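Structure first, then comments.
Chain identifiers are assigned alphabetically (A, B, ...) following the order of the sequence lines, protein sequences preceding nucleic acid strands; residue numbering begins at 1 within each chain. Everything numeric here is computed off the predicted structure, so don't read it as measured data.
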Number of protein chains: 2
Amino acid sequence: MSDALQELPPPALPPEIAALLQRLHRLAPLEEADVAQVAALARQAPRETGPRQELRAEGIRGAPLLLLSGWACRIRILPDGRRQIVSFLLPGDIIGRQQPSLAELCSIASLTRLRHVDASPLFVATPEGGLARALHALALQDVAQLRDQVVRLGRQMAHERLASLLLEFEARLGAAGLAGDGRFAMPLTQEVLADALGLSVVHLNRTLQQLRREGLIALKGRVVTLRQTAALRAIADWQPPPQLPD
Amino acid sequence: MSDALQELPPPALPPEIAALLQRLHRLAPLEEADVAQVAALARQAPRETGPRQELRAEGIRGAPLLLLSGWACRIRILPDGRRQIVSFLLPGDIIGRQQPSLAELCSIASLTRLRHVDASPLFVATPEGGLARALHALALQDVAQLRDQVVRLGRQMAHERLASLLLEFEARLGAAGLAGDGRFAMPLTQEVLADALGLSVVHLNRTLQQLRREGLIALKGRVVTLRQTAALRAIADWQPPPQLPD
DNA sequence: CGGGCGGTTGACAAGAATCAATGTGAGTGG
DNA sequence: CCACTCACATTGATTCTTGTCAACCGCCCG
């Protein structure tokens with residue numbers, strides 16, 4: 001990949017940046033200047049972080065990052081070792097957009113190897129542009145996902161929680177161009193899933209098997225296939241986040 | 001209350017607005033123009049809403065409101081009737097600041113009689129002022145509270161959840177000038193508390209009694225007294241949100 | 001080959017839900 | 001003033017979902 005090619009926004013953009021552009025454009029129409037601002041991220045050499053690293057300790061702020069590949073999470077650990085994964089950070093997501101006001105009890109940890117670039121160029125002084133609106137909509141999606149997580153943990157059974165989370169993964173990865181037709185790679189151990197869903201590993205394992213036995217999902221290696229999306233949605237009372245068409 | 005007096009921001013401000021000013025000022029220093037902008041809210045005649053009303057149906061947007069008195073909540077109801085209260089809205093909070101992008105599965109409902117004014121004057125075109133920073137910090141607090149809720153529901157026992165929520169109430173009401181010394185009014189039925197904590201009413205009742213029996217809290221009428229704040233904090237792994245001093 | 005991690009399984013315990021009944025207190029109408 | 005009602009709180013008995021403990025398997029990798 002030569003630098004010369006990447007000077008031109010539309011052609012020869014790395015797929016991750018192109019997917020981000022698509023996604024932002026669907027949230028709020030971007031103008032040319034906005035597109036250029038996003039495309040400029042492609043000029044950065046991606047940085048890498050190994051798996052199981054703490055990206056942000058509790059209450060530490062840093063520059064926002066655009067996650068190009070790999071999965072991360074916000075996690076909180078109780079004094080006796082219980083762990084709760086609060087939210088997942090997937091490729092195409094922006095990490096640490098909103099700096100923790102002062103002390104934030106959650107830390108951010110990588111679950112796999114990550115590739116990321118500095119996202120702060122997106123946030124420089126665009127009071128009312130399409131980009132600002134799109135980034136704001138992105139933040140609202142994050143909050144909506146948090147609310148879904150609350151409902152899952154508060155009032156749903158184990159199999160409903162799992163179905164709901166898998167549907168969320170499929171939708172989010174689909175928006176980033178990493179899932180289609182109900183299939184996606186999920187590089188998580190069952191322990192991580194359990195910590196996200198508020199279940200024990202053992203029970204999560206049995207719940208996974210239940211969904212498989214019922215033909216609702218399939219699981220080969222780390223690839224998930226949602227076999228009956230409609231049934232899963234009914235179980236989880238989940239619906240995809242609305243988007244502008246095309 | 002004559003209108004003439006309320007023209008002057010600093011003196012004769014209704015206590016609710018004064019408390020909001022205090023709270024915002026602690027989040028980010030306000031300048032005179034900011035103070036005036038907030039104080040202008042006092043010129044509105046408060047509107048009222050009865051208890052158990054739906055303020056915002058799912059996915060409907062409206063003007064942001066400043067809640068002067070009364071309690072409300074964001075709630076999601078599953079098809080089979082299970083209900084989860086996602087977050088509480090307390091006096092001094094701003095409701096519906098971030099309009100739901102399109103469809104929002106949560107609706108907002110009043111739990112008591114409410115008094116509120118239109119808060120949209122706060123959001124007019126202040127790109128980089130102290131008020132904008134303070135309002136942003138307020139939004140971050142909301143998200144932090146959502147994360148706490150996730151941890152409660154995902155990884156804490158019933159008595160830990162309850163302790164955590166009561167501590168949050170005390171802190172938030174304290175910031176609004178409605179709690180001091182661990183005492184505050186909590187106009188909620190046990191059913192509402194149960195729906196917030198992901199518990200059954202029966203179990204919540206027993207959990208309340210457990211905390212009372214252990215001398216950690218007291219409950220007379222609808223007034224809660226936190227008798228051993230330190231112990232409660234240890235149980236709930238809860239700590240107050242950091243603020244600028246004074 | 002050994003070791004460890006992740007996944008799977010069974011037996012059992014425990015937290016929490018459900019069902020059902022009773023208590024209590026504030027209104028309300030006769 | 002007193003039954004009556006209604007909403008809310010409380011209690012006991014029982015069921016069920018989920019957690020815990022422990023063992024075992026399969027597999028990758030040094």
Any idea which heavy atoms bring A:L13 and A:A42 closest together, and the distance?
CD1-CB, 4.1 Å

Salt bridge A:R82-A:D80, side-chain N to carboxylate O under 4.0 Å
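Result for this pair is yes, salt bridge flagged.
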
Pairs under 3.5 angstrom only: tabulate donor-acceptor contacts from the side chains of residues 194-218 of chain A to other protein residues two or more places apart or in another chain.
| residue | atom | partner | partner atom | Å |
| --- | --- | --- | --- | --- |
| A:D195 | OD1 | B:R155 | NH2 | 2.9 |
| A:D195 | OD2 | A:R83 | NE | 3.1 |
| A:D195 | OD2 | A:R83 | NH2 | 2.7 |
| A:S200 | OG | A:H203 | N | 3.2 |
| A:N205 | OD1 | A:Q209 | NE2 | 2.1 |
| A:N205 | ND2 | A:Q190 | OE1 | 3.0 |
| A:T207 | OG1 | A:H203 | O | 2.7 |
| A:Q210 | NE2 | A:E214 | OE2 | 3.3 |

Inter- and intrachain pairs under ring-ring contact (aromatic ring centres under 6.0 Å, His included), touching residues 171-200 of chain B, at least two apart
none

Could I get the full list of side-chain contact (heavy atoms from CB on, under 4.5 Å) partners for A:A19, not counting sequence neighbours?
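Residues passing side-chain contact (heavy atoms from CB on, under 4.5 Å) with A:A19: none at all.
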
Using a 4.0 Å cut-off on protein heavy atoms (strictly under), produce a 5'-to-3' string for nucleotides 11-19 of chain C with B for base contact, S for backbone-only sugar-phosphate contact, and - for none.
B----BSBB

Any N/O pairs under 3.5 Å between the protein and nucleotides 3-6 of chain C? List them or say none.
| residue | atom | partner | partner atom | Å |
| --- | --- | --- | --- | --- |
| C:dG6 | OP1 | A:R52 | NH2 | 2.7 |
| C:dG6 | O3' | A:R222 | NH2 | 3.4 |

Rounded to 10°, tell me the angle between the two end axes of the helix from C:dC1-D:dG30 to C:dG30-D:dC1, each built from five pairs.
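One end axis against the other gives 30°.
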
Bounded by its outermost nucleotides with an atom under 4.0 Å from a heavy atom of chain B, the footprint on DNA chain D reads D:dC8 to D:dA13

Which pairs with one or both residues in residues 225-242 of chain B pass salt bridge (charged side-chain N to carboxylate O under 4.0 Å, His left out), sequence neighbours excluded?
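Listed once each, the pairs are A:R76-B:D237.
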
What residues form a side chain to side chain donor-acceptor pair (under 3.5 Å) with [X], not counting sequence neighbours?
{"X": "B:S69", "value": "B:R115"}
{"X": "A:R152", "value": "A:Q149, A:S164, A:E168"}
{"X": "B:T189", "value": "none"}
{"X": "A:Q156", "value": "none"}

